[in-house]
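Structure first, then comments.
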Amino acid sequence: MRSGSLSPTARQTALEAMAAAPELDVVVIGGGVVGAGAALDAVTRGLSTGLVEMRDWASGTSSRSSKLIHGGLRYLEMLDFALVREALRERGLLIQRIAPHLVRPVKFLYPLQHRGWERFYAGAGVALYDAMASTGAHRGLPRHRHLTRRAALREAPALKKDSLVGALQYFDAQVDDARHTMFLVRTAAAYGAHVASRARVVGFLREGERITGVKVKDLEHDEVYEVRARQVINATGVWTDETQALVGERGQFKVRASKGIHLVVPRDRIQSRTGLILRTSKSVLFVIPWGRHWVIGTTDTDWKLDKSHPAASSTDIDYLLNEVNKVLITPLTRADVEGVYAGLRPLLSGESEVTSKLSREHTVVSPLPGLVVVAGGKYTTYRVMAKDAVDTAVHGLGVSVPKSCTERIPLLGAEGFTALWNQRRTLAADTGLHVARVEHLLRRYGSLVDEVLDVIRADPTLREPIDGADDYLRAEIAYAASHEGARHLEDVMTRRTRIYIESFDRGVQASRECAELMGAVLGWAPEQIEREVEHYRLRVEAERASQEQPDDATADATRLGAPEVVPLAGA
């Protein structure tokens, strides 16, 4: 097994290896959670595998979710028991085996507003939720409990007394989605997959009706490679229809984009020891603990505009604030909002005209020989989606291939994490870092923490926090560029870290220091550092301006005012 380092040279090596190979078994299009999961599934079955992503890993939907690993309580109400059971099983696997360093329990309070019947109704639903989670060997979370109003207010003093008559408290789990997806990519690379970001599929290779590979454009150096493969898996989420159009064939289904936005506010704005789940007239609203912050979301509205950068409008933001303020003693205002992000859910169209009612089930089809398309689903069930896609590809290969083993494959950083967590005080004493810093590093890198500490040992100045983003050490920025495949400043600010949504200035103050740290690793000239900083500043300005617009159309037009890609100096 290789190191899985996404080093500055690894991307170019991967592109050249894919192009030089006479024929890969599988090439996967799309570096979101499903595509990354499919690459890991394929390579761990012994298949020669490539993975390409047109932007950064997880730069679409997979970095903009509610960051929950959950069964989906609301799907019980829709009687979608199979989906909930499947998702709860995956939750258990992630917490206990696959990614214990990245996925952790989080408790939620569900306020009850009606006496008698609601406690029975909601309580029965949560009891069923717990029971479905405990049917396998991967439970891993405490059971729910019933609370009186007084007990609920002790847990969440921020709630208005008249907003509840009692409550239920239950457990789910959360994850940093972008880091989890990146770890999937790294783990696939460690097992031998060729992985390349900033590599866009611009066409398909074919022999008659059979798809035999893809044409891939290196967006950093403006070169086109031909990658031949026996099976191509299209895992491009909300871009599925656009990718299928390159084949010149009409797809067997349509993927509909639903926009969900989230707000990030400081932890001290809501006095609570627990997350909240609230009913709204349209769906449910989560208030999710996130380090020194809360994540509040989400909306659920049809989106037909730019898919690369879905924009949150002023109306979206006001909707979330109005809904959460219905239960808070001290209402939140726009001034309390540190960060805003918007993502698109890939929903299979046809089930309903209302996006919140669309199925979160996934579909896998093979519309042409040599091509597999996977779409729909939800983040928590990515591994099942990936398995089903590779199963279909294996059927197309027509040879005997081992079954999926990813339910038994820990991601990089998982092995040894529990022991290191238990030893965190010793590790703090050995490194001279505060134990809180060590805990932060362990939750982000797991047992790969030694690689980050090696960066600090090589340059002790990197042990200092980032000016303007002091939750993160300078070493983490350097490591993102040297080991985690970060190619541009935006990759670090929005996905390898969450500086963009965790600071009121959206990371502008920290951006130059981060660019200089990245530049030292990637060999940027001063001109490239300036470009990166300016590009990031323009992105922040455009997104701030879009969030002042009254509707989707004007917000989208405003967001598109920022440039899309920073070219490399001299490229």
Side-chain angles (χ1 to χ4, degrees), residues 4-12 14-15 30-33 35-36 51-65 176-186 189 195-200 218-221 308-309 339 341 343 444-445 452 455 466 469 471-503 506-508 510-524 528-540 542-543 562-569 571:
S5 173
L6 303 180
S7 68
T9 59
R11 173 182 168 279
Q12 189 65 32
L15 282 170
V33 70
L51 171 66
V52 292
E53 159 60 37
M54 67 177 177
R55 294 185 295 158
D56 183 30
W57 307 118
S59 58
T61 300
S62 296
S63 61
R64 308 179 191 203
S65 74
D176 185 326
D177 47 8
R179 290 198 62 75
H180 171 253
T181 300
M182 182 272 297
F183 265 94
L184 281 169
V185 176
R186 284 193 65 177
V195 303
S197 62
R198 308 283 177 183
R200 181 172 191 158
D218 178 355
L219 297 178
E220 304 258 287
H221 300 105
S308 296
H309 302 292
Y341 65 93
R444 284 170 53 75
Y445 305 95
V452 183
V455 172
I466 297 291
D471 280 353
Y472 301 94
L473 301 180
R474 288 163 53 86
E476 296 182 76
I477 310 303
Y479 183 82
S482 64
H483 287 71
E484 295 183 339
R487 303 284 301 172
H488 293 282
L489 176 61
E490 181 180 311
D491 301 343
V492 161
M493 304 298 282
T494 61
R495 287 174 289 278
R496 302 307 183 279
T497 73
R498 293 312 180 109
I499 294 172
Y500 172 71
I501 60 171
E502 293 175 348
S503 52
R506 311 289 170 92
V508 171
S511 61
R512 180 166 297 278
E513 183 178 0
C514 291
E516 290 172 350
L517 289 165
M518 290 186 71
V521 175
L522 298 175
W524 286 346
Q528 183 64 24
I529 292 174
E530 292 300 324
R531 289 185 188 186
E532 297 283 342
V533 173
E534 179 65 6
H535 173 273
Y536 184 73
R537 184 187 66 80
L538 291 172
R539 172 195 167 121
V540 170
E543 294 207 345
E564 168 66 16
V565 176
V566 180
L568 292 176

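Note: hydrogens, waters and symmetry copies are ignored here, and every other heavy atom, side chains too, is used.
- Across all their heavy atoms, D491 and R487 have their closest contact at OD2-N, 2.9 Å.
- The shortest distance between side-chain heavy atoms of C514 and I466 falls below 4.5 Å.
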key: Check against side chain to side chain contact (heavy atoms under 4.5 Å, CB included), Y445 and H483   = CA-CA 11 Å; Y445 305 95; H483 287 71; over 6 Å; no

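- Side chain of R11 to backbone of R198: a donor-acceptor contact under 3.5 angstrom is found.
- Taken to the nearest 0.5 Å, the CZ atom of R64 stands 8.0 Å off from the OG1 atom of T494.
- The two residues S5 and A10 have their closest heavy-atom pair at O-CB, 4.0 Å.
- Side-chain contact check for L15 versus H221: every heavy-atom pair is 4.5 Å or farther apart.
- One finds the CG atom of L219 at 9.0 Å from the CE atom of M54 (value rounded to the nearest 0.5 Å).
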Q: Go through D56 and R496 one step at a time and tell me if the side chain to side chain contact (heavy atoms under 4.5 Å, CB included) criterion holds.
A: CA-CA 10 Å; D56 183 30; R496 302 307 183 279; 2.8 Å; yes

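- Taking both residues in full, the closest heavy atoms of S197 and R55 are given as CB-O, 3.3 Å, listed atom of the first, atom of the second, then distance.
- Atom NE2 of residue H488 and atom OH of residue Y536 lie 15.0 Å apart, to the nearest 0.5 angstrom.
- Not a single donor-acceptor pair under 3.5 Å links the side chain of Y500 to the backbone N or O of V492.
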(message) For a side chain to side chain contact (heavy atoms under 4.5 Å, CB included) check, start with the C-alpha distance between M493 and V540, then their side-chain angles and the critical distance, and finish with the verdict.
(response) CA-CA 11 Å; M493 304 298 282; V540 170; over 6 Å; no

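- E532 has its side chain out of reach of M518: every pair of non-hydrogen atoms, C-beta onward, lies at least 4.5 Å apart.
- Atom CG of L522 sits about 11.0 Å away from atom CG of L489, to the nearest 0.5 Å.
- Summarising the geometry, atom NE2 belonging to H535 is positioned 5.0 Å from atom CD belonging to E490; distances are rounded to the nearest 0.5 Å.
- Closest approach of V533 to A515, counting heavy atoms only: CG2-CB, 3.7 Å.
- Residues E220 and Q12 fail the side-chain proximity criterion, which asks for heavy atoms closer than 4.5 Å.
- Considering every non-hydrogen atom in both S62 and T181, the closest pair reads CB-OG1, 3.8 Å.
- The backbone N or O of G4 lies less than 3.5 Å from a partner atom in the side chain of R186, making a donor-acceptor pair.
- Annotation: side chain of R498 is not in contact with side chain of R179 (no heavy-atom distance under 4.5 Å).
- Distance CD1/I499 to CZ/R506: 14.0 Å, rounded to 0.5 Å.
- No more than 12 heavy-atom neighbours from other residues, nucleotides or ligands sit within 6.0 angstrom of CZ on R200.
- A 4.5 Å side-chain heavy-atom check between V521 and Y479 finds every atom pair outside the cut-off.
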Practice problem: Determine, stepwise, if the pair E534 / R531 fulfils salt bridge (charged side-chain N to carboxylate O under 4.0 Å, His left out). | Solution: CA-CA 5 Å; E534 179 65 6; R531 289 185 188 186; over 6 Å; no

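- Proximity of W57 to R495: side-chain heavy atoms (C-beta onward) are nowhere separated by under 4.5 Å.
- Residues A58 and A178 come closest through the heavy atom pair CB-CA, 4.0 Å.
- Side chains of T497 and R444 form a contact here, defined as non-hydrogen atoms less than 4.5 Å apart.
- Evaluated for a side-chain contact (heavy atoms from CB on, under 4.5 Å) with V195, the options V52, L51, L184 yield exactly one hit, L51.
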